[in-house]
Amino acid sequence: MKLVLAEKPSVAQSIAKVIGATKRCDGYLEGNGYVVSWCVGHLVELANPEGYDEKYGKWKYEDLPIIPERWKYEVSASTRKQFGILKKLMKRDDVESLVCATDSGREGELIFRLVYHQCGCRKPFERLWISSMEDSVIKKGFDNLEPSIKYDSLYEAALCRERADWIVGINATRLFSCLYNQTLNVGRVMTPTLAMAVMREASISAFKQEPFYTVVLDFEDFNAQSQRFKGLPEAKALQSACEKNINCRVTKAEKKEKKENAPALYDLTSLQRDSNRILGFTAQQTLDYTQSLYEKKLVTYPRTDSRYLTEDMAEMIPDLIDEIESVFQKKVPSNVNIMQVIDGKKVSDHHAIIPTKEVKRYNLEELPQGEKAVLELIYTRLFVSVSEAYRYEETAIELECGDSVFKTKGKTVLENGFKSLIANDKESKEENSKFPILSVGDELTVGSVSIKEGKTSPPRSFTEDTLLQAMENATAEELPKEAERKGIGTPATRAGIIEKLVQKGYLKRSGNTKAKNLIPTDKGVALITVMPEQIQSPTMTADWEEKLLKIEHKEYPSQYFMNEIETMVQELVKTYEVVKGAEVIMPKNYKVIGHCPHCGNEVVEREKGWFCSNRQCRFVLWKDNAFFNHIGKKLTGYIIDKLLRDGRAKLKDCKSKKTGKSYNADVVLGTEIDGKAKFHLEFDTGGKR
C-alpha cells in the first residue's frame with residue numbers, strides 16, 4: 001500500500017480518481033493499493049520565539065538577536081485534526097511507502113517534508129512531479145515516479161528560505177518596534193520591495209517639471225520637428241529663420257525593414273503583469289485564478305519562471321492548437337512556427353503556462369469571470385507565440401532649414417503577424433504613416449512653421465505590472481548588460497509580498513484606472529526612512545535569492561547562506577542606532593485611551609486591541625474578547641474607558657449561555673501577577689459569576 005500526500009483536497013480527489021482510490025474515508029480516500037490524503041496549507045510551521053523560551057513572549061531589545069540553535073516546528077490548532085489523520089496513516093502497518101504529490105515546486109516540497117518529519121516517519125517515499133492535472137499526465141507521472149533524493153536540494157533551499165525569513169522578520173521587526181515604540185513589520189523581501197516604491201515616489205516628488213520647445217515644419221503630407229530648446233527665444237529665432245526661407249532640402253532619406261518577433265509564452269510573472277495592465281487584476285488575484293484553472297485541469301502548473309516548452313512537447317502543440325481553436329473560434333494565422341516556443345535549455349522545474357486539451361471537455365460557461373479572462377490571456381498567448389513576426393518598414397527623413405536639422409519618421413506595416421491576435425493591446429492598432437517618396441537633395445517648400453510646447457515628465461508611480469517587473473529585475477540598473485539579472489522574491493511569492501505590504505498598511509492602491517498605482521503610505525515612507533541599507537537593499541536581497549537558487553542546484557552550501565543571514569542580523573542588532581528626529585517622521589498608529597491598571601503606563605488602541613505601551617507588561621484587552629463573547633457582549637470603547645478609569649463597568653442585557661436568559665451585572669477588571677487582564681461579574685447581591 002502506498003500513501004499519496006497531496007497539497008489540497010481537490011488535487012487529492014483528482015489523483016485518487018486516476019489511480020483508482022475511490023473509497024471515501026474520514027480525511028482520505030483508499031483503493032487499488034493506494035491511500036490518498038492531503039495537507040491543508042502549511043500543516044507544520046516554524047515555532048514562535050516563545051516556543052524556544054517563555055521570556056520571548058515579551059519584546060525586549062536585550063533579548064536580541066533570537067537565533068535558534070535547533071529549529072522547532074509546531075502544528076497549528078486549525079489543522080491539528082488533519083495532521084493527526086496523516087500521522088495515523090503514515091504509521092499504518094500496511095502502508096509500506098509514500099508518494100509526495102504536493103505542488104511541484106519549492107513550497108510544495110517543504111510542506112510534504114515538514115509533515116513527514118514531524119510525524120516521525122521513516123518509510124521510503126517517491127516524488128510525483130507533474131506540470132498539469134490532466135488525467136493522462138497524472139497517470140504518466142505515477143508510471144514514472146522520481147526518487148526522493150533527487151529533490152533533497154530543493155527541500156534544502158526551501159528550508160533556508162523559510163528560516164532566513166524567520167530570522168530577519170522576527171529580529172528586525174522586534175528591533176525596530178522596540179526602538180521606535182510601535183509595531184514595525186520588517187521582511188527579507190517585503191522591505192526591499194517597499195523601498196523601491198518609496199524611492200520611486202521620492203523621485204516623482206523631487207522632479208521639477210520644465211518646459212521645452214520644438215519648431216515644427218508642416219508639409220502637405222507630413223511634418224518634421226527640430227531639436228528641443230529649453231528656452232522660447234531660441235525656438236522663436238529658428239521659427240523666424242525658417243519663415244524667411246521657406247525652402248528646405250532633404251539631407252537624409254532611409255528606409256529599413258524591421259521586425260518584432262512574437263513574445264515568448266507566459267511564465268507566472270509575465271502573466272501577472274499583463275493581467276494587471278489589461279484586466280486590472282492584482283498579482284494575487286491572477287495567481288489565485290490561475291491556480292484554480294490548474295486544479296480544474298484547464299492550464300498547466302502556474303508557479304513557473306520558464307517561458308518555453310521542452311523539445312518532447314513539440315509534437316503535441318499542433319494538436320493542442322487545433323483543439324483550442326475549435327473551442328474558442330479564434331483562428332491562428334496559417335504560417336506558424338512551433339519551434340519558436342521550444343527551448344529545453346530555458347526550462348527549469350516547469351515549462352511555460354499553456355492551456356490543456358481539457359478545455360474542450362469542460363463547460364467554460366461555468367467558469368467565474370476572472371478565471372475566464374485569465375484563461376483567454378493564456379490561450380491567446382499560445383496563439384501569439386507561434387505566430388509570424390510583426391514586420392514593418394521604417395522611413396527616417398532629415399531636412400535642413402534655417403541652418404538646423406529637422407527630423408521625422410514614418411512606418412508602413414508590411415505584415416501584422418502576431419499583433420493581429422492582440423485585440424486588447426493598443427500597440428496592435430498602429431496605423432500606417434503616409435509618406436511621400438523622398439530622396440536626398442530633394443527641395444521642399446514649407447507650408448507653415450509653428451512652435452510646439454511640451455513639458456518634461458516625471459517617472460510614473462508603480463503599478464503591480466511595473467513593480468513586478470522591478471522585483472524581477474532588481475539589479476538591472478547596477479549590472480552590465482551581459483550580466484545575469486537577479487530578482488527579489490520568486491514568481492510564486494511576489495504576489496504575496498505585494499499583498500502583505502498593502503495589508504500591513506505600507507502600500508495603498510490608488511487611481512481610477514484598471515491597473516491602480518501602488519503608493520507608499522506615510523507609515524511605509526517612515527519605515528524605509530529609518531531602515532539601514534542592508535535591510536532595504538534590493539541588491540543584497542537579490543543576491544540572497546540567487547544563492548537560494550544555487551542551493552537548489554547544489555552549487556552553494558546552505559550553511560554558508562544561513563551564516564550570512566545570521567551574521568547580518570547580529571551586526572544589525574549590535575550596530576544600529578535610532579535615527580535622530582525619528583519621532584517627527586514616525587506616524588503614530590495608536591491612540592492613548594487610558595492608563596494600565598497593572599503598571600500605570602499608557603494604554604493605546606491598535607488594530608486588534610488595547611495594549612499597555614510598556615512592552616515589559618502583559619496587559620492587553622483584545623477586541624475579539626473571549627470573556628465578553630461568552631456573555632454575549634462586545635468590548636467597546638465606552639466600556640474600555642469605564643474599565644480603565646473606574647475598574648468596572650455596568651453591563652445590561654448580558655446573556656447566559658446555559659439558560660439563554662438575560663441579566664444585568666457589573667464587569668470588574670483585575671490583573672494577574674504578570675499583568676494579564678482578568679474579569680469577573682458582580683451582581684446586586686454581591687455574588688460573583
Side-chain angles (χ1 to χ4, degrees), residues 48-51 54-60 76-78 80 173-174 177-178 180-185 502-506 508 521-523 526 583 586-689:
N48 289 318
E50 48 267 39
E54 286 186 6
K55 70 178 182 178
Y56 294 139
K58 299 176 182 178
W59 291 23
K60 296 166 66 176
S76 63
S78 61
R80 198 162 287 151
T173 294
R174 291 189 176 209
S177 297
C178 287
Y180 293 103
N181 199 33
Q182 60 177 286
T183 303
L184 296 173
N185 300 96
V502 174
Q503 290 167 5
K504 295 293 183 184
Y506 293 125
K508 63 181 179 182
T521 61
D522 291 343
K523 181 180 176 182
E583 66 278 0
M586 298 300 288
K588 300 296 182 186
N589 63 344
Y590 58 81
K591 179 174 70 175
V592 177
I593 48 91
H595 290 84
C596 176
H598 182 71
C599 70
N601 280 282
E602 292 176 337
V603 173
V604 298
E605 182 180 1
R606 292 197 172 99
E607 182 182 355
K608 294 186 177 180
W610 294 267
F611 297 76
C612 179
S613 57
N614 173 16
R615 290 195 177 274
Q616 313 300 318
C617 180
R618 301 295 296 276
F619 180 79
V620 59
L621 299 174
W622 300 103
K623 290 182 178 179
D624 184 12
N625 193 287
F627 180 86
F628 278 78
N629 290 342
H630 184 72
I631 61 174
K633 304 295 287 185
K634 289 289 184 184
L635 192 52
T636 65
Y638 173 78
I639 296 173
I640 288 290
D641 181 62
K642 295 292 288 181
L643 290 174
L644 294 180
R645 280 198 295 127
D646 305 331
R648 62 199 302 129
K650 287 187 180 297
L651 300 178
K652 291 184 178 181
D653 300 323
C654 301
K655 198 164 187 177
S656 170
K657 283 219 166 185
K658 289 183 179 179
T659 66
K661 294 181 179 179
S662 296
Y663 59 89
N664 300 333
D666 281 8
V667 63
V668 180
L669 172 65
T671 60
E672 306 281 2
I673 295 174
D674 62 355
K676 286 183 179 178
K678 63 180 181 179
F679 303 98
H680 70 265
L681 295 177
E682 288 188 358
F683 303 89
D684 292 341
T685 59
K688 292 184 180 180
R689 179 183 173 84

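Here the structure is a predicted model, which means the values were calculated and not measured. Hydrogens, waters and symmetry mates play no part in the numbers below; they use all other heavy atoms, side chains included.
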Closer than 4.0 angstrom, basic N to acidic O: yes or no for Arg618 and Glu54?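 Judged by the 4.0 Å cut-off on N to carboxylate O distance, Arg618 and Glu54 do not form a salt bridge.
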Would you say that [X] contacts [Y] through its side chain, given a criterion of any heavy-atom pair below 4.5 Å between the two side chains?
X	Y	value
Leu635	Leu643	yes
Pro597	Leu669	yes
Phe627	Leu681	yes
Phe619	Asn601	no
Asn664	Leu651	no

Would you compute the distance between atom [atom1] of [X] and atom [atom2] of [Y] and round it to the nearest 0.5 angstrom?
X	Y	atom1	atom2	result
Trp59	Thr183	CH2	OG1	5.0 Å
Asn185	Lys523	CG	NZ	6.0 Å
Asp653	Lys661	CG	NZ	15.0 Å
Lys676	His598	NZ	NE2	12.0 Å
Ile640	Ile593	CD1	CD1	6.0 Å
Glu602	Cys596	CD	SG	11.5 Å

Hey, mind stepping through Phe679 and Leu621 against side chain to side chain contact (heavy atoms under 4.5 Å, CB included) and telling me if it holds? CA-CA 11 Å; Phe679 303 98; Leu621 299 174; 3.5 Å; yes
Who are the ring pair (Phe, Tyr, Trp, His ring centres under 6.0 Å) partners of Phe611, not counting sequence neighbours?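 Phe611 satisfies ring pair (Phe, Tyr, Trp, His ring centres under 6.0 Å) with Trp622 only.
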Passes side chain to side chain contact (heavy atoms under 4.5 Å, CB included), Ile631 versus Tyr663? Steps please. CA-CA 10 Å; Ile631 61 174; Tyr663 59 89; 3.5 Å; yes
Do you know which two heavy atoms are closest between [X] and [Y], and how far apart they sit?
X	Y	result
Gly57	Glu50	N-CB, 3.9 Å
Gly675	Cys617	CA-SG, 4.5 Å
Arg174	Lys58	NH1-O, 3.9 Å

Check: Lys652 main-chain N/O paired with Lys633 side-chain donor or acceptor under 3.5 Å: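 Here the side-chain-to-backbone pair exists.
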Between Lys55 (side chain only) and Lys60 (backbone N and O only), is there a donor and an acceptor less than 3.5 Å apart? no
Name the one of Asn625, Asn629, Ile639 that satisfies side-chain contact (heavy atoms from CB on, under 4.5 Å) with Lys634?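 It is Asn629, the one option of Asn625, Asn629, Ile639 that forms the side-chain contact (heavy atoms from CB on, under 4.5 Å) with Lys634.
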Neighbour count above 12 (heavy atom, 6.0 Å) for Lys623 NZ: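 Yes, enclosed.
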